[in-house]
Protein chains: 2
Amino acid sequence: MSGGVEWALHCAVVLTTAPSPVPAARLAALHDVSPSYLAKHLQALSRAGLVRSTQGQAGGYELTRPAEQITVLDVVDAVEGSSAAFVCTEIRQRGPCAAPPEACAAPCAIARAMRSAELAWERELRSVTVADLAAQVDDGAPEALARMGAWLSGDA
Amino acid sequence: MSGGVEWALHCAVVLTTAPSPVPAARLAALHDVSPSYLAKHLQALSRAGLVRSTQGQAGGYELTRPAEQITVLDVVDAVEGSSAAFVCTEIRQRGPCAAPPEACAAPCAIARAMRSAELAWERELRSVTVADLAAQVDDGAPEALARMGAWLSGDA
DNA sequence: GCCGAGCTACTCGGATAGTTCTTGTCCGAGTCAATGAGG
DNA sequence: CCTCATTGACTCGGACAAGAACTATCCGAGTAGCTCGGC
């Protein structure tokens with residue numbers, strides 16, 4: 001899985017506390033990661049409609065919806081692409097013992113099992129929102145999130 | 001996800017019906033895939049202890065356990081490697097607002113959410129055995145599996 | 001003091017190289033079965 | 001007819017290239033705010 005998913009999720013969590021737009025460069029400085037590369041992933045979030053971008057001075061990124069309405073799956077799909085990890089190439093229809101096409105209306109048993117597992121994975125990620133993550137962070141280290149929000153808004 | 005997982009699963013299912021060892025070349029011919037590349041994945045299965053390999057004439061691969069004792073997760077882990085897809089790089093400990101190391105004994109909320117999803121995925125794959133897959137194939141197309149087994153053992 | 005045109009500086013967005021991982025291929029080491037000679 | 005050494009061919013196993021995807025970077029298009037002159 002792409003490592004940018006982790007960055008995007010952390011950005012989404014800290015954006016929860018920022019009242020005004022935050023530039024990508026500042027988000028990168030907060031996490032000490034490559035600014036240019038982080039920008040790429042933030043663009044993916046923007047294309048998916050999770051964040052809104054404003055240009056010019058005092059511009060940056062901000063969430064478009066309340067954090068309670070953004071699931072972890074939304075962020076992962078935005079960065080990774082929503083395509084399934086396992087793709088069935090229908091090899092049962094190939095070779096000397098190929099199954100007739102009319103018998104292949106339904107996906108094969110292997111594809112069904114893999115799809116079922118992916119659905120379980122998605123269901124789990126859909127059950128956690130960015131707001132939940134922020135609440136857990138605040139439970140573990142109170143005021144840490146607030147300090148980050150203040151740092152993003154104000155001083156260097 | 002690696003495409004070889006599909007090949008390995010199909011091979012495991014058809015090996016259910018073969019009483020004697022089957023060479024990799026014949027498995028490749030049955031599915032009309034690259035023999036050399038399929039051999040690579042069968043070696044992975046062998047390293048994981050799912051299949052036994054015998055050399056020389058009349059050699060080939062055969063399952064080491066009853067198909068009821070081989071889960072889909074076993075095959076996927078053997079081919080893909082059992083490492084987690086999401087790896088937390090602990091970026092919370094970096095940057096100007098870094099969390100103190102003593103507060104990071106437990107994994108962060110993001111890593112927990114991703115891990116939980118992966119566990120759900122693994123649980124689903126662990127609940128399906130190769131025997132289940134074979135039974136479903138036989139339900140959908142009766143005798144198709146038997147025909148494949150006969151082709152593997154005997155004629156060209 | 002108020003308004004507006006111009007300007008500057010800052011922002012995002014997509015197009016551009018480098019590196020790692022997956023895909024695909026090949027040939028050598030080892031082994032089993034068949035074969036033929038000998039007893 | 002039985003035994004056994006030899007041969008042969010077939011098997012796996014790991015080492016070797018090609019392509020794609022991820023990682024990392026840069027510069028141009030566009031915009032918001034600030035500045036300065038005019039009214």
Side-chain angles (χ1 to χ4, degrees), chain A residues 1-8 11 15 18 20-29 31-64 76 78-81 83-87 89 91 152-153 156, chain B residues 1-8 11 15 18 20-29 31-64 76 78-81 83-87 89 91 152-153 156:
Chain A
M1 171 170 313
S2 168
V5 171
E6 184 183 10
W7 298 4
C11 287
L15 280 180
S20 51
V22 180
R26 190 161 282 254
L27 284 169
H31 298 95
D32 189 25
V33 297
S34 166
S36 309
Y37 192 32
L38 179 62
K40 196 177 194 61
H41 296 301
L42 291 172
Q43 286 168 29
L45 289 172
S46 176
R47 247 169 299 181
L50 298 179
V51 300
R52 172 196 317 282
S53 71
T54 58
Q55 286 191 338
Q57 282 192 343
Y61 291 97
E62 58 189 337
L63 298 178
T64 57
V76 173
V79 176
E80 285 280 295
S83 61
F86 180 88
V87 287
T89 57
I91 65 180
L152 284 178
S153 304
Chain B
M1 170 171 313
S2 168
V5 171
E6 183 183 10
W7 300 3
C11 287
L15 279 180
S20 51
V22 180
R26 190 161 282 251
L27 284 170
H31 298 97
D32 189 23
V33 297
S34 165
S36 309
Y37 192 30
L38 179 60
K40 197 177 193 61
H41 295 302
L42 290 172
Q43 285 167 29
L45 288 165
S46 176
R47 247 168 297 177
L50 298 180
V51 300
R52 172 196 318 282
S53 71
T54 58
Q55 285 190 339
Q57 282 190 344
Y61 290 98
E62 57 190 338
L63 298 178
T64 56
V76 172
V79 175
E80 285 281 293
S83 61
F86 180 88
V87 287
T89 57
I91 65 180
L152 285 178
S153 303

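Chain letters run A, B, ... following the sequence lines, proteins first and then strands; every chain starts at 1.
Within the 4.0 angstrom heavy-atom criterion, no nucleotide atom of any strand lies near B:Ala25. Here B:Gly60 lies in heavy-atom contact (under 4.0 Å) with sugar-phosphate atoms only.
Within residues 40-58 of chain B, the residues approached by DNA chain C to less than 4.0 Å at the level of any non-hydrogen atom are B:Lys40, B:Gln55, B:Gly56, B:Gln57, in residue-number order.
The interatomic distance linking B:Leu27 (CG) with D:dT11 (P) rounds to 11 Å, in whole Å. Atom-to-atom, CD of B:Glu62 to P of D:dT11 comes out at 15 Å; the value is rounded to the nearest Å. We find that CD of B:Glu6 is positioned 18 Å from P of C:dT22, with the value rounded to whole Å. Summarising the geometry, the separation between CG on A:Asp32 and P on D:dA24 is reported as 12 Å, rounded to the nearest angstrom.
Remark: A:Tyr61 is in phosphate contact with C:dG13, judged by side-chain N or O atoms under 4.0 Å from OP1 or OP2. Side-chain nitrogen and oxygen atoms of B:Tyr37 include none within less than 4.0 Å of the OP1 or OP2 phosphate oxygen of C:dT25. OP1 or OP2 of D:dT25 has at least one side-chain nitrogen or oxygen of A:Ser34 nearer than 4.0 Å.
Note that CG of A:Leu27 is 9.5 Å distant from OH of A:Tyr61, once rounded to the nearest 0.5 Å. Distance check: A:Leu42 CG to A:Leu15 CG gives 7.5 Å after rounding to the nearest 0.5 Å. Note: A:His41 NE2 to A:Ser2 OG = 5.0 Å, rounded to the nearest 0.5 Å.
Using a 3.5 Å distance cut-off with no hydrogens or angles, the side chains of A:Glu62 and A:Ser20 do not pair a donor with an acceptor.
B:His31 places a side-chain heavy atom less than 4.5 Å from the side chain of B:Cys11.
Across the interface with DNA chain D, nearest-nucleotide mapping of A:Ala39 and B:Val22 shows B:Val22 to be the residue nearer the 5′ end.
The side chain of A:Trp7 approaches D:dA24 more closely than any other nucleotide in the set D:dC26, D:dA24, C:dT25.
Shortest non-hydrogen contact noted between A:Leu38 and A:Ala24 is CD2-O, 4.0 Å.
Counting only distance, with no hydrogens or angles, the side chain of A:Glu6 and the backbone of B:Thr89 share a donor-acceptor pair below 3.5 Å.
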